[in-house]
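First comes the structure, then the notes that go with it.
It should be emphasised that the depicted structure is a prediction, and the values quoted were computed from it without experimental measurement. Excluded from the calculations below are hydrogen atoms, water molecules and symmetry mates; all remaining heavy atoms, backbone and side chain alike, are included.
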Amino acid sequence: MAVREIFTGLPWWVKWIAVPAIAIVLFGGLIMSVLTFLVGVVFKLLLLVALVGGLIYVVRKFMSSSSSRGDW
């Protein structure tokens, strides 16, 4: 409750501009590292899905063409 009472008496620009700007300046590096990590993980997951999908496609294509020849 004490924080709410402190913010009640402040102008709107302090609550909505100054405080977030100070937080971004102080924690901007941390925020950017977390975002960079998350984007990297999502990219690697998408790459994994694409590679596994491509591998499954190639294996199925190879298996269907080899079974139709009757070599096995």
Side-chain angles (χ1 to χ4, degrees):
M1 283 304 263
V3 175
R4 185 173 290 182
E5 292 170 2
I6 292 171
F7 275 109
T8 304
L10 296 176
W12 68 270
W13 59 269
V14 173
K15 291 187 260 187
W16 297 105
I17 297 174
V19 173
I22 293 171
I24 288 174
V25 167
L26 290 178
F27 298 107
L30 176 66
I31 293 168
M32 285 306 296
S33 2
V34 169
L35 286 177
T36 303
F37 174 75
L38 290 177
V39 168
V41 168
V42 169
F43 175 75
K44 288 178 183 177
L45 284 174
L46 289 174
L47 187 62
L48 175 69
V49 168
L51 289 174
V52 169
L55 178 65
I56 291 171
Y57 174 78
V58 168
V59 168
R60 284 189 178 177
K61 194 77 161 167
F62 177 74
M63 294 298 286
S64 68
S65 66
S66 66
S67 65
S68 65
R69 283 189 274 154
D71 292 341
W72 298 93

At what distance, to the nearest 0.5 angstrom, does CD1 of Ile22 lie from CD1 of Ile17?
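That separation rounds to 12.0 Å.
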Reported NZ-to-OG1 distance for the pair Lys15 and Thr8, which is rounded to 0.5 angstrom
6.5 Å
Holding to side-chain contact (heavy atoms from CB on, under 4.5 Å), I want the full list of residues that pass it with Val41, two or more places apart in sequence or in another chain.
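Once residues adjacent in sequence are excluded, the partners of Val41 under the side-chain contact (heavy atoms from CB on, under 4.5 Å) criterion are Phe37, Leu45.
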Just jot down the side-chain contact (heavy atoms from CB on, under 4.5 Å) partners of Val52, sequence neighbours excluded, or say none.
Leu48, Ile56
Test of understanding: clusters of I, L, V, M, F, W, Y form through side-chain heavy atoms closer than 4.5 Å, transitively. Do [X] and [Y] belong to the same one?
X: Val19; Y: Val3; value: yes
X: Tyr57; Y: Val59; value: no
X: Ile31; Y: Leu26; value: yes
X: Trp12; Y: Phe7; value: yes
X: Leu38; Y: Leu30; value: yes

